[in-house]
Chemist: 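The following block contains the structure, expressed as structure tokens.
We name chains A, B, ... by the order of the sequence lines, and we start the count at 1 in each one.
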There are 2 protein chains.
Amino acid sequence: MLKLSKKVEYGLIAVRHIASLNNQISTVKEISEKYTIPSDVLAKVMQRLTKGKLISSHQGAMGGYTLARRAEEISVMDVIAVIEGTQVGIAQCFSEEPQNCSIFHNCTIKNPLGKIQHNLELVFNSMKVSEIV
Amino acid sequence: MLKLSKKVEYGLIAVRHIASLNNQISTVKEISEKYTIPSDVLAKVMQRLTKGKLISSHQGAMGGYTLARRAEEISVMDVIAVIEGTQVGIAQCFSEEPQNCSIFHNCTIKNPLGKIQHNLELVFNSMKVSEIV
DNA sequence: ATGAAATAGGACTACGCAAGTCGTATTTGC
DNA sequence: GCAAATACGACTTGCGTAGTCCTATTTCAT
């Protein structure tokens with residue numbers, strides 16, 4: 001409960017790694033070996049980060065990945081959002097299909113949870129990759 | 001990912017409910033019917049809250065539950081901790097068996113995640129049941 | 001041209017946890 | 001003694017996470 005997924009952890013490690021090398025090109029093989037991350041899983045994470053325009057891919061031999069923005073402009077929230085795809089919410093209220101929640105009709109904790117949700121977003125938004133390097 | 005469990009939601013609703021009735025005795029049946037919560041599930045949640053000394057149980061006919069502390073002295077974090085049993089952590093680093101994490105040895109994001117973890121705890125600690133009523 | 005190194009991406013499996021169900025015991029008031 | 005309530009363990013089910021496997025595509029170097 002309340003845990004980040006491994007994919008998000010891998011994504012943060014990868015983005016931090018690239019940033020720490022002054023944006024020199026890095027490959028999945030290099031990162032997966034250095035941090036003992038299953039390369040297939042990391043590959044998919046990198047593809048998501050690419051689609052989300054946080055990093056840029058360079059195909060073919062001698063290819064790899066570089067940052068697509070400055071490290072100061074990538075937040076932990078960006079990484080989470082891009083990798084998870086869906087809106088991150090601590091309850092169904094704040095993600096897809098709120099009305100499908102089994103207690104939607106007379107839920108008494110929507111507003112307080114909303115406040116908490118907002119504060120969590122502040123936390124994740126304020127931490128930038130540049131602080132992790 | 002990063003979602004509260006249904007048990008925690010049920011626990012918050014129940015504690016809020018009791019608090020809103022000025023600590024008059026409430027039963028599982030009453031709460032489960034009012035908010036459409038499966039009564040067996042709610043019953044176990046109430047037992048956890050009792051063991052955690054957030055509420056007091058009164059067995060037998062005409063029994064039920066009352067708060068064991070003032071609503072100002074029960075935080076959302078208390079409810080989470082008591083219901084989940086284990087330490088809440090956004091990564092394995094901050095809960096049981098940190099050294100079993102597959103990337104423990106040269107993980108580069110322990111410290112930044114630790115900061116985030118700390119800030120999340122602040123958020124959950126600062127919200128009290130008295131603010132939810 | 002061809003082969004090697006790299007990304008792109010879909011299909012599938014295994015596992016663990018969350019959620020809920022069921023059955024039974026125990027306590028207590030009327 | 002019966003009914004209303006809590007206490008609690010065992011079990012089932014479903015879903016999401018994590019990981020594996022396989023193939024296609026792109027690009028560089030020889």
Chemist: Can you tell me which residue pairs pass the salt bridge (Lys or Arg N to Asp or Glu O under 4.0 Å) test with a partner in residues 9-25 of chain B, sequence neighbours excluded?
Modeler: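 Salt bridge (Lys or Arg N to Asp or Glu O under 4.0 Å) check on residues 9-25 of chain B returns B:Lys6-B:Glu9.
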Chemist: What residue pairs, at least two apart or across chains, pass ring-ring contact (aromatic ring centres under 6.0 Å, His included) with a residue in residues 106-133 of chain B?
Modeler: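 ring-ring contact (aromatic ring centres under 6.0 Å, His included) check on residues 106-133 of chain B returns no pairs.
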Chemist: Closest approach of B:Gln117 and B:Gly89, non-hydrogen atoms and distance?
Modeler: OE1-CA, 3.4 Å
Chemist: Let me test you: for the helix from C:dA1-D:dT30 to C:dC30-D:dG1, what is the angle between the axes at its two ends (five pairs each), rounded to 10 degrees?
Modeler: 10°
Chemist: So, taking the atom named CG in A:Leu12 and the one named SG in B:Cys107, what distance separates them when rounded to the nearest 0.5 Å?
Modeler: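 Between A:Leu12 CG and B:Cys107 SG, I get 9.5 Å after rounding to 0.5 Å.
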Chemist: Where along residues 97-105 of chain A does a heavy atom fall under 4.0 Å from DNA chain C?
Modeler: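 None, since no heavy atom is under 4.0 Å.
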Chemist: How about A:Asn100: does its CG atom have over 12 heavy atoms from other parts shown lying under 6.0 Å from it?
Modeler: yes
Chemist: Tell me which residues in residues 6-36 of chain B put a heavy atom below 4.0 Å from DNA chain D, sorted by number, or none.
Modeler: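 Those residues whose heavy atoms fall under 4.0 Å from DNA chain D, taken from residues 6-36 of chain B in numerical order, are B:Thr27, B:Val28.
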Chemist: What distance do B:Asp78 atom CG and B:Ile83 atom CD1 have between them, rounded to the nearest 0.5 Å?
Modeler: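 Separation between the atoms: 11.0 Å.
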Chemist: Should B:Leu67 and B:Val133 be counted in the same cluster of Ile, Leu, Val, Met, Phe, Trp and Tyr side chains packed under 4.5 Å apart?
Modeler: no
Chemist: Which pair of heavy atoms, one from B:Ile132 and one from A:Thr108, lies closest together, and at what distance?
Modeler: CG2-O, 4.1 Å
Chemist: Does anything in residues 43-53 of chain A reach DNA chain D, meaning a heavy atom under 4.0 Å, and if so which residues?
Modeler: A:Lys44
Chemist: Reading DNA chain D in the 5' to 3' direction, which nucleotide is the first one with an atom under 4.0 Å from a heavy atom of chain B, and which is the last?
Modeler: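 Under 4.0 Å from chain B, the extent on DNA chain D is D:dA4 to D:dT17.
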Chemist: Mind checking which nucleotides bracket the chain B contacts on DNA chain C, 5' to 3', with an atom under 4.0 Å from a heavy atom?
Modeler: C:dA19 to C:dG29
Chemist: At what distance, to the nearest 0.5 angstrom, does CZ of A:Arg70 lie from OG of A:Ser130?
Modeler: 8.5 Å
Chemist: Could you tell me whether A:Asn111 atom CG has more than 12 heavy atoms of other residues or ligands within 6.0 Å of it?
Modeler: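 Count not over threshold, so no.
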Chemist: Using the rule that Ile, Leu, Val, Met, Phe, Trp and Tyr join whenever any side-chain heavy atoms are under 4.5 Å apart, tell me whether A:Val28 and A:Ile25 fall into a single cluster.
Modeler: no
Chemist: Inspect the surroundings of CG in B:Asn106 and state if more than 12 heavy atoms from other residues, nucleotides or ligands are less than 6.0 Å away.
Modeler: yes
Chemist: With a 4.5 Å cut-off on side-chain heavy-atom distances among I, L, V, M, F, W and Y, is there a chain of contacts connecting A:Ile74 to A:Val123?
Modeler: yes
Chemist: Name the one of B:Ile18, B:Leu54, B:Val41, B:Thr27 that satisfies side-chain contact (heavy atoms from CB on, under 4.5 Å) with B:Met46?
Modeler: B:Ile18
Chemist: Using heavy atoms and a sub-4.0 Å distance, could you list which residues of residues 54-67 of chain A are near DNA chain D? By number, please.
Modeler: A:Gln59, A:Gly60, A:Ala61, A:Met62
Chemist: Near B:Lys128 NZ, under 6.0 Å, is it more than 12 heavy atoms from other residues, nucleotides or ligands?
Modeler: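 Yes - once you tally the heavy atoms of other residues, nucleotides and ligands closer than 6.0 Å, there are more than 12.
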Chemist: Has B:Gln87 got more than 12 heavy atoms of other residues, nucleotides or ligands less than 6.0 Å from its CD?
Modeler: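 Not more than 12 within 6.0 Å, no.
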Chemist: Please list, chain by chain and in numerical order, all residues satisfying side chain to side chain contact (heavy atoms under 4.5 Å, CB included) with A:Pro98, sequence neighbours excluded.
Modeler: A:Phe104
Chemist: State the CD-NZ distance between B:Glu84 and B:Lys7, to the nearest 0.5 angstrom.
Modeler: 7.5 Å
Chemist: Any chance you could measure B:Tyr10, atom OH, to B:Leu49, atom CG, to the nearest 0.5 Å?
Modeler: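 These two atoms lie 14.0 Å from each other.
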Chemist: So which pairs with a foot in residues 25-67 of chain B pass ring-ring contact (aromatic ring centres under 6.0 Å, His included), sequence neighbours left out?
Modeler: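 Sorted pair list: B:His17-B:Tyr35.
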Chemist: Rounded to the nearest 0.5 Å, what's the gap from NZ on B:Lys110 to SG on B:Cys101? Could you check?
Modeler: 8.0 Å
Chemist: Closest approach of A:Gly11 and A:Val45, non-hydrogen atoms and distance?
Modeler: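 Shortest heavy-atom separation between A:Gly11 and A:Val45 comes out as CA-CG1, 3.7 Å.
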Chemist: Where along residues 75-95 of chain B does a heavy atom come under 4.0 Å from DNA chain D, residue by residue in number order?
Modeler: none
